[in-house]
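Note that this is a predicted model, so its numbers are computed, not measured.
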Amino acid sequence: MRMNKLKLIVLLGVFASYTTSCSVQNNVVKTPSTKNPTKPTNNTNPPKVIPVATKPTTGTAASTEENFRTNLPEIKREFRGAWIASVANINWPSRNDLTVEQQKAEAISMLDMLKDNNFNAAIFQIRPSADALYTSNIEPWSYFLTGETGTAPYPNYDPLQFWIEEAHKRGLELHVWLNPYRAHHTNGGAVNKLSMANKLSDIVVRLKNGMYWFDPANPKTQGHVSNVVKDIVKRYDIDAVHFDDYFYPYATYNKGADFPDNASWNAYLSNGGTLSRADWRRDNVNKFVERIYKEIHAEKNNVRFGISPFGIWKPGYPMGIIGSSQYDELYADAKLWLNKGWVDYFSPQLYWPIDSKGQSFEALLSWWQSENTMNRHLWPGLNTVEIKVSDRPTEIKNQIAISRNILKNDAGEIHWSIAGLTKNPNMLPALKNGPYNEKALVPKFPWIKAVPLQTPTLFIADNGSFAQTSWSTKNAADVFLWVLFTQYNGVWQTEILTLDTLSKDIPKSKDGKKLNAVAIKAIDRLGNESDYTARRIK
């Protein structure tokens, strides 16, 4: 659908004028912050081409001489995401009895909020407990969507497809968040005949708190979750797959008792297994994480894989850190996954205040950074919704500042959860007037190979007091965003534009400053930039 729309736009003429929301970010050389006014191009006279500077002709076609080379400003980059939880109707949908139109309205409201406040990604939970908030032949519709496991929305629609289209329309990435091993949640209604806890009862155990859990050691579990992930990656135009911190369950879920995996453990021993039970459990998860990472990239290389583990690997790492050990309790050797590069981004949940005595935010992030031997993206999870401080907006701003100082040009963070942005009236203003005052591209993924984008073509015509500017490219299917550069009195400004923005009326004079030049770049799904086309304007 998206490509048909783009082709139609191009066929109708590159001089068509659109207005769309965008963000302006200034170059290092600062200029007064102003909005770029737009003017509809509904005049009846054909536009006059603006004269552009050319080199003396030497037999080269005049059209190629209209362009020039320059030093464009570096585009700001930082990952800014928010988790949107569906389990227990935490974030979306807010209830399991909403109409389809109410569900869509809630989704649009959240995505608009993220776009308007200069976020660039949503991490949306589509599989809270072996169920689906999307059309699936493998697992049933989620109880949290319709109020009954296996019951489709009415009128039927695909929530994931809707979220993808609406996110991309706003220039946001859509990461799909799956819980790999939870088979049924205590808030998920009755276990019925369509529940995976029933359909795959041979590989599911019931915990003492009432939850059902897949046995991570069973090859059938690993195969089932692998099929779910591959099915999503193959059929949907997602940007990433995301796992959270639930691998083997927290001890409290089974009231302190050991995880009930005697059958698979005894089978392992009878086949000559020599690992300790704890190492065997960790090995099960390690092999699974590596498998998922490789299978995602084998299916679609541009789809990334991210994990947000518990923020502490082991107590004492680094020195002075106390608290739960995911290594010993969840059997999650998250440090190994980072060391091996089995993730494209890694978001340890650093949900404690900066001045926490036993869980220092800065010390933990610095330690994880020291373990990032494969130079994957390290973007901490922030407890925006309920961090235990008196002034949450100031705390979160300060944590972002610390992260930027540690991570340098590879900065980013994910906010738990979107409710922390919407329910605290001071949070969004603190972010948008502070660290998020400009839009930003996501950081690049240099270890993922990508076909270079072609250089866009730039067209400029005179439309009175405006430069009527349009652009196009031959490989529009590979473009995710555009970056438009405008130069006034020698100073460049930058705008990040959505994919369907193919033209803009640019004022030839602004605040007494004259428009000197215009340039355009394309951005692909991995944040890579094309070469630019730049034109001078006289």
Are a donor atom and an acceptor atom from the side chains of [X] and [Y] found within less than 3.5 Å of each other?
X      : Y      : answer
Glu438 : Asn118 : no
Gln102 : Glu106 : no
Asp344 : His377 : no
Ser503 : Gln468 : no

Is the shortest heavy-atom distance from the side chain of [X] to the side chain of [Y] under 4.5 Å?
X      : Y      : answer
Trp177 : Ser308 : no
Ile296 : Ile292 : yes
Leu431 : His415 : yes
Glu495 : Val483 : no
Leu133 : Arg127 : no
Leu365 : Ser403 : yes
Arg304 : Val343 : no
Ile523 : Val479 : no

[atom1]/[X] to [atom2]/[Y] distance, rounded to the nearest 0.5 angstrom?
X      : Y      : atom1 : atom2 : value
Lys508 : Lys538 : NZ    : NZ    : 14.5 Å
Asn489 : Asn516 : CG    : CG    : 6.0 Å
Thr422 : Met113 : OG1   : CE    : 6.0 Å
Thr469 : Leu502 : OG1   : CG    : 12.5 Å
Leu481 : Ile75  : CG    : CD1   : 10.0 Å
Asp524 : Glu529 : CG    : CD    : 9.5 Å

Does the [X] side chain pair with the main chain of [Y], one donor and one acceptor, at a distance under 3.5 Å?
X      : Y      : value
Arg536 : Phe68  : no
Asn91  : Ala85  : yes
Lys439 : Asn117 : no
Ser347 : Trp379 : yes
Trp416 : Gln349 : no
Asn475 : Asp478 : no
Asn120 : Arg80  : yes
Ser530 : Lys521 : no
Asn528 : Leu453 : no
Ser509 : Lys514 : no

Checking [X] now: which residues fulfil side-chain hydrogen bond (donor to acceptor under 3.5 Å, both in side chains) with it, not counting sequence neighbours?
X      : value
Glu386 : none
Asn398 : none
Trp337 : Asn286
Thr135 : Asp158

Under the salt bridge (charged side-chain N to carboxylate O under 4.0 Å, His left out) test, which residues partner [X], sequence neighbours left out?
X      : value
Glu299 : none
Asp355 : none
Arg376 : none
Arg170 : Asp112, Glu166

Check: Are Lys169 and Asp500 ion-paired here, with the side-chain N under 4.0 Å from a carboxylate O?
Finding: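 No, this pair does not count.
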Notebook entry, point to check: Do Asp237 and Lys300 meet the salt-bridge criterion of a basic N to acidic O distance under 4.0 Å?
Noted result: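 Between Asp237 and Lys300 there is no salt bridge, as every charged N stays at least 4.0 Å from the carboxylate O atoms.
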Run the ring-centre check on [X] versus [Y] and record whether the distance is less than 6.0 Å.
X      : Y      : value
His168 : Phe480 : yes
Trp83  : His175 : no
Phe361 : Tyr351 : no

Ring pair (Phe, Tyr, Trp, His ring centres under 6.0 Å) partners for [X], two or more places apart:
X      : value
Phe124 : Trp92, Trp163
Phe485 : none
Tyr317 : Trp313
Phe346 : Trp368

Next item on the list: Give the intermediate values and the outcome of side chain to side chain contact (heavy atoms under 4.5 Å, CB included) for residues Gln369 and Asn372.
Entry: CA-CA 5 Å; Gln369 176 73 323; Asn372 191 14; 3.7 Å; yes
Check: Quick one: does NZ or CZ of Lys510 land under 6.0 Å from the six-membered ring centre of Tyr488, within 45 degrees of the ring axis?
Finding: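 Lys510 over Tyr488 ring: yes.
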Note to self: For Tyr157, does the six-membered ring have the charged nitrogen or CZ of Lys104 within the cation-pi criterion, i.e. under 6.0 angstrom from the centroid and within 45° of the normal?
What the structure shows: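 Positive - Lys104 is close enough to the ring of Tyr157 and near enough to its axis.
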Next item on the list: Kindly determine whether Phe459 and Thr457 satisfy side chain to side chain contact (heavy atoms under 4.5 Å, CB included), including the steps that lead there.
Entry: CA-CA 7 Å; Phe459 306 89; Thr457 303; 3.3 Å; yes
Next item on the list: May I have the step-by-step check of ring pair (Phe, Tyr, Trp, His ring centres under 6.0 Å) for Tyr345 and His242, ending in yes or no?
Entry: CA-CA 9 Å; Tyr345 69 92; His242 185 99; 5.7 Å; yes
Margin query: With side chain to side chain contact (heavy atoms under 4.5 Å, CB included) as the criterion, how do Trp352 and Ile312 come out once you've worked through the C-alpha distance, each side chain's angles and the decisive distance to 0.1 Å?
Written below: CA-CA 11 Å; Trp352 304 279; Ile312 299 171; 3.7 Å; yes
Checklist line | Plane angle bin for His297 and Tyr293 - parallel if under 30°, tilted between 30 and 60°, otherwise perpendicular | finding: perpendicular
Next item on the list: Please determine which of Ile496, Thr494, Ile506 meets the side chain to side chain contact (heavy atoms under 4.5 Å, CB included) test together with Leu484.
Entry: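 For Leu484, the side chain to side chain contact (heavy atoms under 4.5 Å, CB included) check succeeds only for Ile506.
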